[in-house]
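Residue numbering restarts at 1 for every chain, and letters A, B, ... go by the order of the sequence lines.
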Amino acid sequence: MKPLKQSFYDKDALELSEALLGKLLVKDTPEGRASGIIVETEAYMGAEDRAAHSYGNRRTRRTEIMFGKAGSVYTYQMHTHTLVNVVAAEVDTPQAVLIRAVEPVEGLHLMEERRPGRKQIEWTNGPGKLTKALGIAMNDYGSHYTVPPLQIFDGWAQKDFEIVTGPRIGIDNTGEARDYPWRFWIKGNSYISR
DNA sequence: CATATGATTGAA
DNA sequence: TCAATCATATGC
């Protein structure tokens with residue numbers, strides 16, 4: 001098991017979404033390490049994607065990191081929840097991959113503490129849930145997945161799994177881009193959201 | 001400075 | 001189905 005290199009992230013969001021499936025998302029905190037296998041992702045294709053924050057190259061303090069180096073951490077606050085993304089493509093191409101669900105691997109006791117009273121299946125089966133379970137927060141914004149405390153490792157999951165695609169979720173009011181099959185997940189995995 | 005608006009979740 | 005509740009964006 002080893003951290004993925006910079007070169008792994010240098011691809012567009014669609015390719016990266018697929019490549020991230022089966023990888024291990026690792027977060028180190030003072031309390032210990034929590035990690036999970038990425039089982040569901042969504043691609044946000046930057047300037048041409050109606051549903052992306054960076055549609056039409058909209059560049060603000062919030063989206064700034066999407067214009068940065070691939071493999072950067074983009075955290076985003078939605079209502080009371082934090083969502084986490086992996087920045088894709090080259091500098092000035094504002095694409096990103098939203099991590100929607102993971103399967104718990106290490107630090108199960110930490111996740112249980114952070115998601116009190118929930119069944120294990122509900123710890124990480126949604127974008128706002130996994131950030132809470134792993135301890136990912138807005139102070140991870142602008143970090144990079146090749147350095148601690150938030151990293152992505154290779155070589156953990158089993159090799160043979162089937163990838164399925166479908167329309168994205170939660171963007172019904174965003175018009176034309178909503179039906180694009182830019183959501184990816186591992187077939188049959190029970191930690192998929194919705 | 002005020003208000004509108006979600007890449008969601010959890011409970012009714 | 002709907003409200004919670006907040007950072008960001010945009011308008012006055």
Side-chain angles (χ1 to χ4, degrees), chain A residues 9 12-21 25 36 38-68 70-89 93-104 111-143 145 150 152 164-186 190-194:
Chain A
Y9 300 99
D12 73 43
L14 286 172
E15 284 180 67
L16 188 59
S17 299
E18 208 170 322
L20 281 171
L21 292 175
L25 181 65
I38 298 171
V39 298
E40 185 181 1
T41 58
E42 272 179 16
Y44 285 88
M45 293 297 282
E48 302 134 47
D49 183 357
R50 226 347 188 304
H53 291 153
S54 51
Y55 175 65
N57 279 315
R58 216 157 51 106
R59 185 170 192 153
T60 64
R61 189 163 71 252
R62 180 180 60 159
T63 61
E64 181 66 32
I65 195 68
M66 292 180 77
F67 293 81
S72 296
V73 180
Y74 175 29
T75 50
Y76 165 73
Q77 197 80 29
M78 172 61 177
H79 286 71
T80 57
H81 311 285
T82 306
L83 280 57
V84 65
N85 299 248
V86 182
V87 175
T93 305
Q95 303 183 357
V97 177
L98 171 66
I99 299 176
R100 289 195 58 86
V102 304
E103 178 178 334
M111 300 193 201
E112 189 166 18
E113 272 171 36
R114 291 163 178 160
R115 309 265 317 136
R118 307 279 162 197
K119 286 186 281 225
Q120 176 165 345
I121 199 81
E122 292 175 340
W123 293 350
T124 57
N125 68 338
K129 301 179 189 178
L130 82 274
T131 55
K132 202 156 289 153
L134 295 187
I136 297 169
M138 284 308 288
N139 50 318
D140 289 306
Y141 180 97
S143 180
Y145 286 105
L150 183 57
I152 297 177
V164 196
T165 70
R168 293 174 293 181
I169 288 181
I171 54 168
D172 296 342
N173 41 8
T174 325
E176 53 195 60
R178 80 170 147 191
D179 295 323
Y180 298 169
W182 287 352
R183 174 168 169 249
F184 301 80
W185 68 95
I186 292 178
S190 40
Y191 288 88
I192 303 306
S193 62
R194 297 287 188 187

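- Listed by chain and residue number, nothing satisfies the salt bridge (Lys or Arg N to Asp or Glu O under 4.0 Å) test with Glu113(A) (two or more places apart in sequence, or in another chain).
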Donor-acceptor pairs under 3.5 Å, side chain of residues 132-140 of chain A to any protein atom, not counting sequence neighbours: which ones?
residue	atom	partner	partner atom	Å
Asp140(A)	OD1	Lys27(A)	NZ	2.9
Asp140(A)	OD2	Lys27(A)	NZ	2.8
Asp140(A)	OD2	Ala137(A)	N	3.1

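- In terms of the ring pair (Phe, Tyr, Trp, His ring centres under 6.0 Å) criterion, residue partners of Tyr180(A) (sequence neighbours excluded) are, by chain and number, Trp182(A).
- Exactly one residue among Asn85(A), Ile38(A), Val39(A) makes a side chain to side chain contact (heavy atoms under 4.5 Å, CB included) with Ile99(A). That residue is Ile38(A).
- Under the salt bridge (Lys or Arg N to Asp or Glu O under 4.0 Å) criterion, Arg115(A) pairs with no residue, sequence neighbours left out.
- Contact check for Val87(A) versus Tyr145(A): no side-chain heavy atoms found under the 4.5 Å cut-off.
- Using a 4.0 Å heavy-atom cutoff across all strands shown, Tyr74(A) reaches at least one base atom of the nucleic acid.
- Not counting sequence neighbours, Arg62(A) has no partner by the salt bridge (Lys or Arg N to Asp or Glu O under 4.0 Å) test.
- Contact check of residues 54-64 of chain A against DNA chain B (heavy atom, cut-off under 4.0 Å) returns no residues at all.
- Remark on DNA chain C: of its neighbouring residues Met138(A) and His79(A), the 5'-side contact belongs to His79(A), judged by nearest-heavy-atom nucleotide.
- Here Glu42(A) lies out of heavy-atom contact (under 4.0 Å) with every strand.
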**Item:** Base-pairing string, 5' to 3', of DNA chain B - Watson-Crick or wobble, under 3.5 Å, | interstrand
**Value:** ||||||.||||.

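- Under the 4.5 Å side-chain criterion, counting only non-hydrogen atoms from C-beta, Leu21(A) is in contact with Thr41(A).
- Residue pairs meeting the side-chain hydrogen bond (donor to acceptor under 3.5 Å, both in side chains) criterion with at least one partner in residues 121-130 of chain A, sequence neighbours excluded, are Asn125(A)-Lys129(A).
- Shown here for Ser54(A) and Met66(A), the closest heavy-atom pair between the two residues is OG-CE, 3.4 Å.
- Between the P atom of dT5(B) and the NE2 atom of His53(A) lies a distance of 15 Å, rounded to the nearest Å.
- From the 5' end on, the contacts that DNA chain C makes with chain A at under 4.0 Å to a non-hydrogen atom open and close at dA4(C) to dT10(C).
- Residue Arg168(A) forms a side chain to side chain contact (heavy atoms under 4.5 Å, CB included) with just one option from Arg100(A), Arg178(A), Glu42(A), and that option is Glu42(A).
- Here Tyr76(A) pairs with His53(A) under the ring pair (Phe, Tyr, Trp, His ring centres under 6.0 Å) rule; sequence neighbours left out.
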Between the protein and nucleotides 9-11 of chain B, are there any N/O to N/O pairs under 3.5 Å, and if so, what are the atom names and distances?
residue	atom	partner	partner atom	Å
dT9(B)	OP1	Pro127(A)	N	2.9
dT9(B)	OP1	Gly128(A)	N	2.8
dT9(B)	O4'	His81(A)	NE2	3.0
dG10(B)	OP1	Arg115(A)	NH1	3.4
dG10(B)	OP1	Arg115(A)	NH2	3.1
dG10(B)	OP2	Lys129(A)	NZ	3.4
dA11(B)	OP1	Arg118(A)	NH2	3.2

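- For Arg59(A), the salt bridge (Lys or Arg N to Asp or Glu O under 4.0 Å) criterion is met by Glu64(A), Asp92(A), not counting sequence neighbours.
- Atom OH in Tyr76(A) sits about 9 Å away from atom P in dT8(B), given to the nearest Å.
- Residue-level contact check: Leu83(A) touches the backbone only, with heavy atoms under 4.0 Å from sugar-phosphate atoms and none from bases.
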